[in-house]
Amino acid sequence: KRVAILISGGGSNMVKLVESMTGDHPARAVLVGSNDPAAAGLARAGALGVPTFAIDHRIYKGDRAAFEAALIEPLLAAQPDILCLAGFMRILTPDFVSRFQGRMLNIHPSLLPKYPGLHTHQRAIDAGDAEAGATVHLVTPELDAGPLLGQARVPVLPGDTSDSLAARVLVQEHRLYPQVLRRFAQGDLTPLHLSAA
Ligand code: GRF
């Protein structure tokens, strides 16, 4: 299976995904793309030997369709079987999603359906939740709402800030996403539930 990954920043989840696709793994990373040419993850992907590209979304000044027309070109050229969003911070239109629906995954830093959208960790802290975590789901046109493929849970601890909670969740994201991708690449859509080791 050919896997393309879209990032917007550091790409720590992308690195873990790329590093997981070795040996008898049924998938290989064929392309990493970003909406930000300065994304640090692009250099990390390059260092791992994965071809990269960037389409600067700021050039398109809110013309989402034009941005996506540029974004989809190198993606289609790579002929991916699976598209993984990993720390990708742009909202994609239903038209773009429809091109990959059923084979497009995203990781979101909350226990969906709680806290779709942004500032998920602060919202969990403010709500007094005892647990937080991350979710890998199939991408559908509705933001952060597709079928669940995996979830990882962590405790919210007294005195947690959004930064301390985010760091705890990120550790679990790095466990969850590679395991979910491997199962998905083998056609196994059984939801995977992890809790902090
Ligand atoms: C992290 O907060 C993660 O929860 C979310 O995007 C952010 C950056 O991830 N998915 P990454 O380091 O770029 O993978």
Side-chain angles (χ1 to χ4, degrees), residues 3-21 27 29 31-48 50 52-57 71 82-92 97 100 104-126 129 131-140 142-157 160-182 184 192-197:
V3 174
I5 307 172
L6 292 180
I7 66 170
S8 293
S12 71
N13 277 289
M14 173 276 299
V15 169
K16 297 298 182 185
L17 290 175
V18 172
E19 290 177 340
S20 74
M21 290 182 263
L31 185 65
V32 170
S34 180
N35 62 290
D36 180 353
L42 290 170
R44 299 172 81 179
L48 291 167
V50 183
T52 64
F53 77 92
I55 305 288
D56 188 341
H57 70 274
L71 180 70
I82 300 169
L83 176 57
C84 290
L85 307 183
F88 185 69
M89 302 305 282
R90 306 301 296 170
I91 292 178
L92 295 164
V97 171
F100 296 98
M104 182 154 119
L105 281 59
N106 180 48
I107 188 160
H108 178 77
S110 80
L111 296 175
L112 291 173
K114 294 182 91 169
Y115 315 128
L118 298 174
H119 313 300
T120 60
H121 304 302
Q122 193 57 54
R123 290 156 68 190
I125 291 168
D126 293 348
D129 293 354
E131 281 191 323
T135 304
V136 177
H137 62 94
L138 281 166
V139 176
T140 58
E142 186 184 352
L143 182 67
D144 299 331
L148 187 141
L149 293 175
Q151 233 169 28
R153 315 176 87 83
V154 301
V156 179
L157 300 176
D160 258 336
T161 62
S162 59
D163 284 350
S164 62
L165 182 52
R168 189 174 311 122
V169 170
L170 197 60
V171 170
Q172 298 306 317
E173 291 179 37
H174 294 166
R175 294 175 65 215
L176 178 68
Y177 212 169
Q179 290 187 50
V180 169
L181 175 60
R182 186 183 183 112
F184 186 79
L192 174 65
H193 291 278
L194 301 179
S195 53

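On a predicted model such as this, the values are computed, not experimentally measured, just so you know. Every number for a ligand or one of its atoms is a count from 1 in the order of the listing.
- For the residue pair Q179/R182, the side-chain donor-acceptor check at 3.5 Å is not satisfied.
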N/O to N/O under 3.5 Å, ligand 1 against protein:
from	atom 1	to	atom 2	distance (Å)
ligand 1	4 (O)	E173	OE1	3.0
ligand 1	4 (O)	E173	OE2	2.5
ligand 1	12 (O)	S12	N	3.0
ligand 1	12 (O)	S12	OG	2.6
ligand 1	13 (O)	G11	N	2.9
ligand 1	14 (O)	S12	N	3.3
ligand 1	14 (O)	N13	N	2.8
ligand 1	14 (O)	N13	ND2	3.0

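- Between S8 and N35, the side chains place a donor N or O and an acceptor N or O closer than 3.5 Å (distance only, hydrogens not considered).
- Side-chain N/O atoms of H119 and S162 include no donor and acceptor closer than 3.5 Å.
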Practice task
Decide side chain to side chain contact (heavy atoms under 4.5 Å, CB included) for L181 and L149; before the verdict, give the C-alpha distance in whole Å, the side-chain angles of both, and the deciding distance to 0.1 Å.
Solution key: CA-CA 9 Å; L181 175 60; L149 293 175; over 6 Å; no
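- In this structure, the side chain of R153 does not engage the main chain of E131 through any donor-acceptor pair within 3.5 Å.
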*Take L111 and D129, measure what side chain to side chain contact (heavy atoms under 4.5 Å, CB included) needs, and give me the verdict at the end.*
CA-CA 11 Å; L111 296 175; D129 293 354; over 6 Å; no
